[in-house]
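Worksheet for the structure shown next.
Numbers here simply count residues along the sequence, with the first being 1.
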Amino acid sequence: MAHDHHHHHEHECCSHEHHHEHRHEHECCSHEHHHEHHYHHEHSLRRQLVLIIATTVLLIGAVIIEHQFALPTWQLLLVYLIPYLLIGHETLKEAAEGVAHGDAFNEHFLMSVATIGALCIGFLPGAETQFPEAVFVMLFFQVGELFEGYAEGQSRRSIAHLMDIRPDVAHVEISPSPSGGGEITAKSPNEVAVGSVIVIRPGERVPLDGVIIEGTSALNTVALTGESVPREVAVDDEVISGCVNISGVLRVRTTKTFGESTVSKIINLVENAAEHKSKSETFITRFARVYTPIVVFLAIALAILPPLYISLTTHLSPLTSFPTWLYRALLFLVVSCPCALVISVPLTFFGGIGGASRRGILIKGANYMDVLAKVDTVVFDKTGTLTHGQFAVEAVHPDQCDEHHLLHLAAHVEHFTTHPIGAALRDAFPDEATDGCCVSDVEETAGHGIRARVGDKVVAVGNTKMMDLVGAKWHTCEHDAGTIIHVAIDGVYAGHIVINDQLKADSQEAINELKELGVTKTVMLTGDRQEVAARVAQQLGIDDYHAELLPTEKVKFVGELENFAFVGDGINDAPVLARANVGIAMGGLGSDAAIEAADVVLMDDKPSKIATAIRIARQTIAIARQNIIFAIGVKVAVLVLAFFGIATMWLAVFADVGVTVLAVLNAMRALRTA
């Protein structure tokens, strides 16, 4: 628990420094390091379980020895010290470290004082030994630690998968000549100097930011900007690292080093934003900070003040009643140990997390439940989150032939292209393969469109530049916003087809449900064009939207918000997901980087699951609150009894166990989600 946090934080800090010192080496090994860290966590849980079982066996053995043999107290102490130190050494070490670091009052300290006191009390004149109780209290505490460690293990994995957008290699021209054709060598992107000429072939990822000096192509920028239409690029256009080159070979002069490139910046943003997060403390730790010192000082007062008062009023030595009051003070410590809380609260969260995962919602840690329950603003990315990120024909506006004929010709012309727009046209007219039309003389002009002969007609399909090229008098579309594909037949304008990224079936339901839950504001951020964003926002009833944003601008925008969830799916969303109070990623189609950076992952890509996640979080928090109130209520009652000497150590321990069992049973309700 506390040591887990400490270890995790330490690991993050050192990996961050390591990252700056040996950037390249760190990049190569961080993936393995992540697996190693995960393995260590699993290993330590198994070790803890073995310790708990071994201690239970030894404790039973010690009790049998105590009853069979009349051993002197110090020998009995040695018998009980074996299981005590076996199960308690970690807790004692944590308590000592806490004291050394000035953070004395944690639950480890409370357990250590209570159990050491219980071990020592038997040596006072007239007091009974309390050895089994001491071991039992420590054993029970470790069971709580085990539960919590298991719940923690389901939490955040490292951001190692961000390496997926990291280009592995740059093909650099040696002694480049203006016409190209120089010798090419493969280098690691961080060895490439600014001003070098690199060659990027189709299917390769752009390794560094630069300017194109030769070639035309389309770049798939979905990963970076979320813009679903591939970006057409030609000479003098800038290219940014992390995009994928789709069609042509490009020669690019680099303008930035790898460390300054877009990809590096995004990765750093995510890593730093994730660091913000690991410091968030669970309720129990915060509670223990206030609660523990109060309990410790009350216990000290309980051990010292009543004997002093009695000795003053009866003239007896304070030492006569001291063992009785010391025993009560230790009882007080045992009872006040937040065992039921330490187990049932993480278990409630764990139940909530388990219940949510059965609904296809992965919540990476208990602290995100807390935040989810309080969310009052939800910020959406557009492409792939509210929309499918795939194109489809939305409307056909013919000028001189019918809709069917216009689609039929366009689908034929686009038959051979790999462009997503071509795919959308082919999907809209599936019969084109079997209708027997003959397509010939296909000619693709990069950045314009495609011309081909279909039967005896020359059909041009593309943007307005293509229409100007064939001399067709085109006009804009008054009805629909989206990507407009113009068609000309034999140089005469024939109409246009509107292609759009399609809304997901349940996007509307998602927005409505969030409003029903009392979410006050919904916002959409997108790298897409202004008019496309306006149309989607209006269709769905989103309160506010911002378009044409780069990933860094998205981070800046959300920096001003509080209590918000961000929902996204692309690599471009990873920094914002990590920066959000709670980041929600679409897991089915989403990029690995986004899934790693997010706190909540929706495995089936349905935005309506966001409302379900918030509902589950609220229910989980409610159950945790019931447990806290119940546990503290029972503890106060037993503390009062302990003060008056009515309670024994076993009653104290069983009150603790009983409360814990009831609290755990209540926590299990969280598995049955709303």
How long is the gap from [atom1] on [X] to [atom2] on [Y], to the nearest 0.5 Å?
X: L51; Y: S44; atom1: CG; atom2: OG; answer: 10.5 Å
X: L577; Y: I584; atom1: CG; atom2: CD1; answer: 9.0 Å
X: Q142; Y: T55; atom1: CD; atom2: OG1; answer: 8.0 Å
X: Y80; Y: E66; atom1: OH; atom2: CD; answer: 3.5 Å
X: I304; Y: W325; atom1: CD1; atom2: CH2; answer: 13.0 Å
X: E513; Y: I614; atom1: CD; atom2: CD1; answer: 10.0 Å

Please examine the side chains of [Y] and [X], heavy atoms only from C-beta on, and report whether any two atoms are closer than 4.5 Å.
X: V135; Y: L59; value: yes
X: L92; Y: L85; value: yes
X: T73; Y: F131; value: yes
X: L49; Y: R46; value: no
X: L119; Y: L81; value: yes
X: D376; Y: V519; value: no
X: V296; Y: V113; value: no
X: L139; Y: I52; value: yes

*Output, in order, the C-alpha distance, side-chain angles, deciding distance and verdict of side-chain contact (heavy atoms from CB on, under 4.5 Å) for Y84 and I116.*
CA-CA 10 Å; Y84 176 78; I116 291 167; 3.6 Å; yes
*Is atom CD of E562 surrounded by more than 12 heavy atoms (other residues, nucleotides or ligands) closer than 6.0 Å?*
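It does not: E562 CD has 12 such atoms or fewer within range.
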*Check the surroundings of atom OH in Y309: do more than 12 heavy atoms from other residues, nucleotides or ligands lie under 6.0 Å from it?*
no
Any idea which heavy atoms bring [X] and [Y] closest together, and the distance?
X: A54; Y: L86; result: CB-CD2, 3.9 Å
X: L517; Y: R618; result: O-NH1, 3.0 Å
X: A134; Y: A118; result: CB-CB, 3.9 Å
X: I310; Y: T314; result: O-OG1, 2.6 Å
X: L58; Y: P83; result: CB-CB, 3.8 Å
X: S112; Y: A95; result: OG-CB, 3.4 Å

*K374 vs I621, side-chain contact (heavy atoms from CB on, under 4.5 Å): CA-CA, chis, key distance, verdict*: CA-CA 10 Å; K374 295 193 191 90; I621 300 289; over 6 Å; no
*Do the side-chain N and O atoms of N666 and Q626 include a donor-acceptor pair separated by under 3.5 angstrom?*
yes
*Should V378 and L514 be marked as a side-chain contact (heavy atoms from CB on, under 4.5 Å) after you check the CA-CA gap, both sets of side-chain angles, and the distance that decides it?*
CA-CA 8 Å; V378 178; L514 287 172; 4.0 Å; yes
*Start with the C-alpha distance between V567 and V379, add both sets of side-chain angles, then the distance that settles side-chain contact (heavy atoms from CB on, under 4.5 Å), and finish with yes or no.*
CA-CA 6 Å; V567 193; V379 182; over 6 Å; no
_Can a donor-acceptor pair be found, under 3.5 Å and without considering hydrogens, that links the side chain of N581 to the backbone of A565?_
no
